[in-house]
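What you see is a predicted model, and the numbers here were worked out from it, not measured in a lab. Quick note: numbers below take in every heavy atom, side chains included, and nothing from hydrogens, waters or symmetry partners.
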Amino acid sequence: MSQFSVDRFRLDGKVALVTGAVYGIGFELASAMARAGAKIVFNDRKPEGVERGIAAYKEVGIEAHGYVCDVTDEQGVQAMVQQIEAEVGVIDILVNNAGIIKRIPMIEMTAEEFREVIDIDLNGPFIVSKAVIPGMIKKGGGKIINICSMMSELGRETVSAYAAAKGGLKMLTRNIASEYGKYNIQCNGIGPGYIATPQTAPLRELQADGSRHPFDSFIIAKTPAERWGETEDLAGPAVFLASPASDFVNGHVLYVDGGILAYIGKQP
């Protein structure tokens, strides 16, 4: 009988590319992987974003490698991956984190705005995954983690493009797992719930009368944990899905949502 070792959660020597990981969820996931032993690579569309990211990682004691690249530019992504392989090493772990959201009612949203969200949130992961998979095959395996969303399962007002993209990303996750599992490549997703970030801070501020913001009350009522998630709540799942501990987990989306998707909500 084999004995399980916690060392299977280690990422020592692995090269991890986390797209758009200058701040927020991507930065937290990359930092967690670095603490587990991985070499961190990230990208941003602008040079100043890369510089800001390198400084942020350095501040927490992480030596990260940053590249200027737009995930929707197929030739640019191919060139970036080749440069990473030459300068850092073949990519073992890919986290497709880069994404945007446009909160616009569907009938007011232009087709161009819809396409922009789909391009970054769905075409981007396809393009970057396509670029790294050949190296993973040659190396004998790899891990791809797609940052999905509860909108991979649920609809909500004003997020038609985002929900369509994330629903597509869920199915891309399953298809990569189906197509490349035989090469020891595991592709899984993480579906964050409502996470406390600087961007969501205004929605959590107390009102003048001391009451909760209406949206804050809504989220608390819909979440069995009765709280917002923290970015660090996503770190453990990400390290697990990037590590040998998840070698037989493939095509799965792990929802880190405090139980929202399992819960019908409180009775009024």
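- Counting all heavy atoms, side chain and backbone alike, I40 lies closest to A34 at CG1-CB, 3.6 Å.
- Heavy atoms from other residues, nucleotides or ligands lying under 6.0 Å from CZ of R204 number more than 12.
- The two residues R212 and I220 make their nearest non-hydrogen contact at NH1-CG1, 3.7 Å.
- Judged by distance alone, with hydrogens and angles left aside, the side-chain atoms of S129 form no donor-acceptor pair with the main-chain N or O of F126 at under 3.5 Å.
- A side-chain contact (heavy atoms from CB on, under 4.5 Å) with P125 is found for one member of V71, T173, L169, I176 and no other, namely L169.
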Go through the steps for F27 and Y57 under the test ring-ring contact (aromatic ring centres under 6.0 Å, His included), then give the verdict. CA-CA 8 Å; F27 181 83; Y57 285 107; 4.5 Å; yes

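- The backbone N or O of N97 sits less than 3.5 Å from a side-chain atom of T19, completing a donor-acceptor pair.
- Judged as a ring pair (Phe, Tyr, Trp, His ring centres under 6.0 Å), and not counting sequence neighbours, the contacts of F9 are F4.
- Taking every heavy atom of both residues into account, Q186 and S246 meet most closely at CG-O, 4.0 Å.
- Ring orientation note: the planes of Y194 and F215 are nearly perpendicular, at an angle over 60° on the 30°/60° scale.
- Closest approach of A165 and V117 over heavy atoms only: CB-O, 4.4 Å.
- With hydrogens and angles ignored, the 3.5 Å screen pairs no side-chain donor or acceptor of T197 with any backbone N or O of G24.
- Residues D247 and K143 have side chains in contact (heavy-atom distance under 4.5 Å, counting atoms from C-beta outward).
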Kindly determine whether S178 and R174 satisfy side chain to side chain donor-acceptor pair (under 3.5 Å), including the steps that lead there. CA-CA 6 Å; S178 302; R174 292 176 177 175; over 6 Å; no

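- Judged purely by atom type and a 3.5 angstrom limit, R103 has no side-chain atom pairing as donor or acceptor with the backbone of T158.
- Donor-acceptor pairing under 3.5 Å is lacking for the side chains of Y23 and E28.
- Side-chain contact between V18 and V41 is absent, with no heavy-atom pair separated by less than 4.5 Å.
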Evaluate K46 against D44 for salt bridge (charged side-chain N to carboxylate O under 4.0 Å, His left out), listing each step before the verdict. CA-CA 5 Å; K46 298 180 179 180; D44 192 84; over 6 Å; no

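- When side chains are defined from C-beta on, L206 does not count as touching S211, because their heavy atoms never get closer than 4.5 Å.
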Check against salt bridge (charged side-chain N to carboxylate O under 4.0 Å, His left out), E85 and K138: CA-CA 12 Å; E85 289 179 352; K138 289 180 182 178; over 6 Å; no

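- When only modelled atom types and interatomic distance are considered, S243 and K14 share no side-chain donor-acceptor pair under 3.5 Å.
- A donor-acceptor pair under 3.5 Å is absent between the side-chain atoms of E205 and the main chain of L203, judged by distance alone.
- The two residues C187 and N146 make their nearest non-hydrogen contact at SG-ND2, 3.7 Å.
- E153 and Y255 form a side-chain donor-acceptor contact under 3.5 Å, judged by distance and modelled atom types alone.
- Of the possible polar contacts, none joining the N43 side chain to the V68 backbone as a donor-acceptor pair under 3.5 Å is found.
- Here the side chains of V128 and L17 are in contact, with some heavy-atom distance below 4.5 Å.
- Pairing each heavy atom of R156 with each of M151, the nearest pair is CB-SD, 4.0 Å.
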Determine whether F114 and D119 satisfy the following criterion, side chain to side chain contact (heavy atoms under 4.5 Å, CB included), listing intermediate values before the conclusion. CA-CA 9 Å; F114 188 91; D119 204 22; over 6 Å; no

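- Although no hydrogens or angles enter the test, the distance criterion places a donor-acceptor pair under 3.5 Å between the side chain of S5 and the main chain of D7.
- The closest donor-acceptor contact from the side chain of N188 to the backbone of I145 lies at 3.5 Å or more, if one exists at all.
- Looking at D121, its side chain does come within 3.5 Å of a backbone N or O of I100 through a donor-acceptor pair.
- Side-chain N or O atoms of D257 include none that pairs as donor or acceptor with a backbone N or O of P192 at under 3.5 Å.
- Taking 4.5 Å as the limit, every side-chain heavy atom of M136 sits out of range of all side-chain heavy atoms of D92.
- Legend: residues meeting side-chain hydrogen bond (donor to acceptor under 3.5 Å, both in side chains) with R227, ordered by chain and number and at least two apart, are D233.
- Under a cut-off of 6.0 angstrom, the local environment of CD in Q75 is sparse, with at most 12 non-hydrogen atoms contributed by other residues, nucleotides or ligands.
- Taking 4.5 Å as the limit, every side-chain heavy atom of E230 sits out of range of all side-chain heavy atoms of I195.
- From I185, atom CD1 reaches atom CD1 of I137 across 5.0 Å, with rounding to the nearest 0.5 Å.
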